[in-house]
Amino acid sequence: MKEYAKEYAWHGCTVRVTKKNIKNANLRIKPDEPQVIHISIPRSMTYQAAQKLLEQPRILRWIENYQKKVQSPPVLPRMQNEERLKYAADYRKHLQEVLPGLFRKWEQELGVRCGKVTIRDTRSQWGSCSLRTKNISISVWLGAFPEDCIEYVVVHELTHLLEAGHNARFYRLLDQHYPAWRSCRQQLKNGLI
């Protein structure tokens with residue numbers, strides 16, 4: 001087992017700090033260990049300074065959002081492959097009908113323009129946005145939810161074209177443009193159709 005310069009418990013997580021020959025501190029969480037926070041710090045940095053990094057609001061939000069994403073994948077119906085394929089086809093058709101209008105509406109409302117929109121059989125998130133290409137991907141399983149939940153995911157992903165991270169500005173923009181986003185997010189999190 002690899003030895004860490006310092007390891008301690010923090011807010012229900014394990015923090016592993018390693019000193020390296022680097023210029024800036026790096027923080028990462030591995031998908032297979034969402035409760036372990038790895039921090040690499042320059043040799044000149046103190047362990048106390050590394051711990052203070054974790055207390056920054058933007059870092060706390062990033063950790064919380066990452067762990068939620070890893071621990072709360074979309075709730076998929078339990079079904080055989082043939083039945084799953086049928087549901088997926090129905091959900092894809094529904095999304096193909098509603099998404100174009102929602103994207104037109106919200107691109108205009110937010111003053112942004114996305115690239116290509118694809119519908120994929122994803123199980124780790126409801127939607128994703130590539131900041132480089134401005135392409136947006138939507139989970140086919142989102143088609144199982146009411147239109148306001150689908151609309152929330154569209155607004156969420158388009159908002160990333162205005163603000164890349166899940167920070168205070170991002171949530172202010174959501175509050176301003178789609179105030180019902182919290183209830184939709186909760187419904188998606190609970191998998192309540």
What is the distance from atom [atom1] of [X] to atom [atom2] of [Y], rounded to the nearest 0.5 Å?
X: Leu142; Y: Tyr152; atom1: CG; atom2: OH; value: 10.5 Å
X: Arg92; Y: Trp141; atom1: CZ; atom2: CH2; value: 10.0 Å
X: Trp106; Y: Thr159; atom1: CH2; atom2: OG1; value: 8.0 Å
X: Leu174; Y: Leu158; atom1: CG; atom2: CG; value: 10.5 Å
X: Thr46; Y: Ile41; atom1: OG1; atom2: CD1; value: 7.0 Å
X: His160; Y: Leu162; atom1: NE2; atom2: CG; value: 10.5 Å

Notebook entry, point to check: Taking C-beta and beyond as the side chain, do Leu161 and Leu110 meet within less than 4.5 Å on heavy atoms?
Noted result: no

Note to self: Side chains of Gln108 and Arg104, heavy atoms from C-beta outward: is any pair under 4.5 Å?
What the structure shows: no

Next item on the list: For the pair Phe170 and His156, name the ring-plane relationship: parallel under 30°, tilted 30 to 60°, perpendicular over 60°.
Entry: perpendicular

For the residue pair [X] and [Y], what are the closest heavy atoms and their distance?
X: Ala164; Y: Leu131; value: CB-CD1, 3.2 Å
X: Ser40; Y: Arg28; value: OG-NH1, 3.6 Å
X: Tyr91; Y: Val140; value: CB-O, 3.1 Å
X: Ile150; Y: Gly143; value: CD1-CA, 4.4 Å

Listed partners of [X] passing side chain to side chain contact (heavy atoms under 4.5 Å, CB included), at least two apart:
X: Arg43; answer: Lys19, Asn21
X: Arg113; answer: Glu107
X: Ser128; answer: Gln125, Ser137

Margin query: Which residues pass the salt bridge (charged side-chain N to carboxylate O under 4.0 Å, His left out) test with Glu109, not counting sequence neighbours?
Written below: none

Note to self: Could you work out, with salt bridge (charged side-chain N to carboxylate O under 4.0 Å, His left out) as the rule, every residue matching Arg120, not counting sequence neighbours?
What the structure shows: none

Next item on the list: Compute the ring centroids of Phe145 and Trp126, then answer whether they are less than 6.0 Å apart.
Entry: yes

Check: Can you pull the salt bridge (charged side-chain N to carboxylate O under 4.0 Å, His left out) pairs that have at least one residue in residues 166-184, sequence neighbours excluded?
Finding: Glu163-Arg169, Asp175-Arg182

Next item on the list: Determine which pairs satisfy salt bridge (charged side-chain N to carboxylate O under 4.0 Å, His left out) with at least one residue from residues 130-152, sequence neighbours left out, and list them in order.
Entry: Lys105-Glu151

Margin query: Run the ring-ring contact (aromatic ring centres under 6.0 Å, His included) test against Tyr8 and tell me which residues pass, sequence neighbours left out.
Written below: none

Item checked: Any residue meeting ring-ring contact (aromatic ring centres under 6.0 Å, His included) with Phe103, in chain and number order, not counting sequence neighbours -> none

Notebook entry, point to check: Within the side chain of Ser139, is there an N or O that forms a donor-acceptor pair under 3.5 Å with the backbone of Thr122?
Noted result: yes

Checklist line | Same apolar cluster: Ile37 and Ile22, side chain cutoff 4.5 Å | finding: no

Checklist line | Derivation and outcome, side chain to side chain contact (heavy atoms under 4.5 Å, CB included), residues Thr14 and Glu7 | finding: CA-CA 7 Å; Thr14 299; Glu7 181 174 309; 3.6 Å; yes

Name every donor-acceptor pair, under 3.5 Å, that has one atom in a side chain of residues 48-55 and the other anywhere in the protein, sequence neighbours excluded.
unit_1, atom_1, unit_2, atom_2, d
Glu55, OE2, Trp10, NE1, 3.0

Notebook entry, point to check: What pairs with His94 under side-chain hydrogen bond (donor to acceptor under 3.5 Å, both in side chains), at least two apart in sequence or on another chain?
Noted result: none

Next item on the list: Report the residues that fulfil side-chain hydrogen bond (donor to acceptor under 3.5 Å, both in side chains) with Thr133, sequence neighbours left out, ordered by chain and then residue number.
Entry: Ser130, Asn135

